[in-house]
Amino acid sequence: MVRRREVLIGPDRRLRFTMELERGQPRSWAVQLEWYDPEEERWVWVVRYDTSGGAPHRDRNRLAAHEPVDLPQDPGKAARVAETDLARRAEEYIEAYRAAKAQGKEAW
């Protein structure tokens with residue numbers, strides 16, 4: 001079973017959650033910060049924490065793929081830590097994305 005939800009954390013930013021459950025227990029997860037880019041007139045992902053590839057990591061659109069991160073082993077706790085980081089540092093992450101975009105770095 002896969003659970004998904006979105007939470008607006010500002011007028012132009014949201015968090016998107018995905019949790020895959022197996023027998024009621026978290027198997028894999030992703031927490032993604034998205035920003036509404038007025039130039040593109042669409043939502044773009046800015047930073048994502050996830051477990052694709054097996055190990056938890058952080059991807060930063062236009063900046064870095066598979067940054068290692070120190071997260072709890074428990075998937076539920078790790079997802080909550082990721083959510084807290086994205087909510088607290090949303091402005092910083094969005095500004096870094098905007099700067100990379102302005103420099104012409106490619107999106108993924």
Side-chain angles (χ1 to χ4, degrees):
M1 170 197 282
V2 177
R3 291 187 181 166
R4 292 185 173 94
R5 68 183 172 104
E6 293 176 4
V7 176
L8 286 175
I9 59 171
D12 63 349
R13 57 200 67 181
R14 67 185 180 194
L15 296 177
R16 180 185 301 265
F17 301 88
T18 305
M19 179 79 64
E20 183 178 348
L21 302 172
E22 186 174 286
R23 297 185 185 146
Q25 298 299 312
R27 178 183 151 143
S28 64
W29 58 271
V31 182
Q32 178 169 291
L33 170 65
E34 298 177 342
W35 170 66
Y36 189 82
D37 185 334
E39 292 174 359
E40 296 184 27
E41 298 182 335
R42 67 182 181 96
W43 290 94
V44 295
W45 74 273
V46 175
V47 180
R48 173 178 47 241
Y49 282 87
D50 65 51
T51 56
S52 69
H57 62 276
R58 177 176 54 210
D59 297 311
R60 297 180 67 183
N61 196 354
R62 298 182 186 264
L63 293 168
H66 283 50
E67 293 178 315
V69 291
D70 186 27
L71 294 172
Q73 291 298 314
D74 177 85
K77 289 179 183 176
R80 283 189 294 279
V81 169
E83 173 185 1
T84 299
D85 177 65
L86 293 176
R88 285 185 182 161
R89 298 176 60 198
E91 190 64 32
E92 173 188 340
Y93 286 134
I94 291 167
E95 287 306 314
Y97 170 85
R98 291 176 67 183
K101 180 182 175 185
Q103 293 172 6
K105 293 184 179 175
E106 292 294 318
W108 301 327

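Heavy-atom basis, side chains included; hydrogens, waters and symmetry copies ignored.
Using a cut-off of 4.0 Å between Lys/Arg side-chain N and Asp/Glu carboxylate O, E83 and R80 are scored as not salt-bridged.
Counting heavy atoms from C-beta outward, E41 and Y36 have side chains that approach closer than 4.5 Å. In this structure, L63 and Y93 have side chains that are not in contact, with every pair of non-hydrogen atoms separated by 4.5 Å or more. At a threshold of 4.5 Å between non-hydrogen side-chain atoms, the residues L15 and E6 do not count as touching. Put simply, the side chain of I9 reaches to within 4.5 Å of the side chain of L33, judged on heavy atoms. Side chains of R13 and E91 form a contact here, defined as non-hydrogen atoms less than 4.5 Å apart.
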Please tabulate, for side-chain N and O atoms in residues 64-72, each donor-acceptor pair with protein atoms closer than 3.5 Å (sequence neighbours left out).
residue	atom	partner	partner atom	Å
H66	ND1	D59	OD1	3.1
E67	OE1	R58	NE	2.7
E67	OE1	R58	NH2	3.4

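The minimum heavy-atom distance between G76 and D74, with the atom names listed, is N-OD2, 3.1 Å. Closest heavy-atom contact between A96 and R60: CB-NH2, 3.4 Å.
Residues that satisfy the ring-ring contact (aromatic ring centres under 6.0 Å, His included) test with F17, not counting sequence neighbours, are absent from this structure.
One N or O on the side chain of T51 and one on the backbone of W29 form a donor-acceptor pair closer than 3.5 Å.
Here Q32 contributes atom CD and R16 contributes atom CZ; the two are 6.5 Å apart, rounded to the nearest 0.5 Å. Taken to the nearest 0.5 Å, the CD atom of E34 stands 12.0 Å off from the CG atom of D12. How far CD1 of I94 is from CG of L86: 10.0 Å, rounded to the nearest 0.5 Å.
Residue E39 places its CD atom among 12 or fewer non-hydrogen atoms of other residues, nucleotides or ligands, all under 6.0 Å distant. For R89, the CZ atom sits in a packed shell: over 12 heavy atoms of surrounding residues, nucleotides or ligands are nearer than 6.0 Å.
Exactly one residue among K101, R98, R62, R42 makes a salt bridge (Lys or Arg N to Asp or Glu O under 4.0 Å) with D37. That residue is K101.
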Test log, rule side-chain contact (heavy atoms from CB on, under 4.5 Å), inputs H57 and D50: CA-CA 6 Å; H57 62 276; D50 65 51; 2.7 Å; yes
